[in-house]
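Below you'll find the structure, written out as structure tokens, and then a few comments.
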Amino acid sequence: MKATPLRLSTADSDFDARFKERLHWSAEADAAIEKVVADILADVRQRGDAAVLDYTRRFDRLEAASVEALELTAAELRSAFDTLPSAQREALEHAAARVRSYHEAQKKASGESWSYRDADGTLLGQKVTPLDRVGIYVPGGKAAYPSSVLMNAIPAHVAGVGEIVMVVPTPGGEKNPLVLAAAHVAGVTRAFAIGGAQAVAALAYGTPTIPAVDKVTGPGNAYVAAAKRRVFGTVGIDMIAGPSEILVLADGTTPADWVAMDLFSQAEHDELAQSILLCPDAAYIDRVQQEIDRLLPTQQRAGIIAASLNGRGALIHTRNMEEACEISNRIAPEHLEVSSSDPHRWEPLLRHAGAIFLGAYTSESLGDYCAGPNHVLPTSGTARFSSPLGVYDFQKRSSLIEVSAEGAQVLGRVAVTLAEGEGLQAHADAARLRLR
């Protein structure tokens, strides 16, 4: 088995065309997926629990007499935590503490209400309030993701969300104790062993057993992504996640095996994941390829890694680090490692990335699990205009306006003039009535 990422050089005349082709990934679900998802959503909306049970039997091969039987109780979550090996319990608690600390700092920086009064006594401000109830989707197909539980539930908890409802598929009825334990540690209110488009539908529309939520967050497969896209408007969603991505900017000073393994860390997610290296040192790129060849046979998910690197990976020789930064901004990657002896020299040049990992010791995997910042990040170039999941995703803002009698004399005349200019007489009259 070989993994040979595409070799490119920015000096090549056809670089732009080949680079664009390698980056291409269609975020549009195919027609068959859209049709299946549309039917599931309509069925769950109409039949509720009965439809959820039918699809759980069909897709997760899990028989249950009722949806109540699929609810994971607080006692079950606590038991899962208590029966973990001590090293896993301590790792979960340590990661959760760091994630909570980061999001508490985030809330203080941007998530508090504020107001002020101007010279005439008019009060203006913004009231920040948490959502009442959110649903978090935790993937459970190719792998189990307790880290996703922490990254979705903890910022919701810090934001002050009243009820956090978790859904997680358990194919064949196999429950991952780390996922259940993470739900206990993160403060999940209710949890259900269901997944897929039917879980998204249940959260969006509600069933006799599963309460309707205000927002659905968390990654999933193409069916989950299509379902989230379709229920948006009935509920809020965080983002439509594409395949995972890592971009490494390397100056050649980091051990080549470190960089090769960092490329593997995203490639092992699935065959469509993308791992790219940008480096001005051609000899160093050769060493990274040698380490890819050496290390690939040691990996449990070698087949997935090879498919990802062969299909979507790239090792790109740049003229210099400045050009590498420019290309990085064009890509706007989910994860961006600045694997350099002086990462702070290059960080100011980087404008678009979901998360930026500075220095050789900052592997992307630390951010995935326990550094503190959220690992739910924009993909497929959407870091150009969107942000990581955070406390702000679980809050909403209401404008506060209290106009004083004195202020109404000034603002009222402005409003009358503009309203009459728009031909809206009632607007103008409402303001005019308050004029002395």
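Here the structure is a predicted model, which is why all the values come from computation and not from measurement.
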Do [X] and [Y] have a side chain donor and acceptor closer than 3.5 Å?
| X | Y | result |
| --- | --- | --- |
| Gln395 | Thr129 | no |
| Arg78 | His184 | yes |
| Gln266 | Glu364 | yes |
| Tyr137 | Asn152 | no |
| Ser380 | Thr382 | no |
| Gln289 | Asp293 | yes |

(message) Rounded to the nearest 0.5 Å, what separates atom CE in Met239 from atom CZ in Arg229?
(response)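 It comes to 14.0 Å.
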(request) Could you grab the distance from atom CD of Gln198 to atom CD1 of Ile210, nearest 0.5 Å is fine? (result)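 The CD1 atom of Ile210 is 9.5 Å from CD of Gln198, to the nearest 0.5 Å.
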Is a side-chain N or O of [X] found less than 3.5 angstrom from the main chain of [Y], in a donor-acceptor match?
| X | Y | answer |
| --- | --- | --- |
| Glu245 | Glu334 | yes |
| Ser113 | Val128 | yes |
| Asp49 | Ser66 | no |
| Ser101 | Ala97 | no |
| His317 | Pro280 | yes |

(message) Here's a test for you: under side-chain hydrogen bond (donor to acceptor under 3.5 Å, both in side chains), which of Thr254, Asp251, Thr253 qualifies with Ser340?
(response)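 By the side-chain hydrogen bond (donor to acceptor under 3.5 Å, both in side chains) criterion, Ser340 pairs with just one of Thr254, Asp251, Thr253: Asp251.
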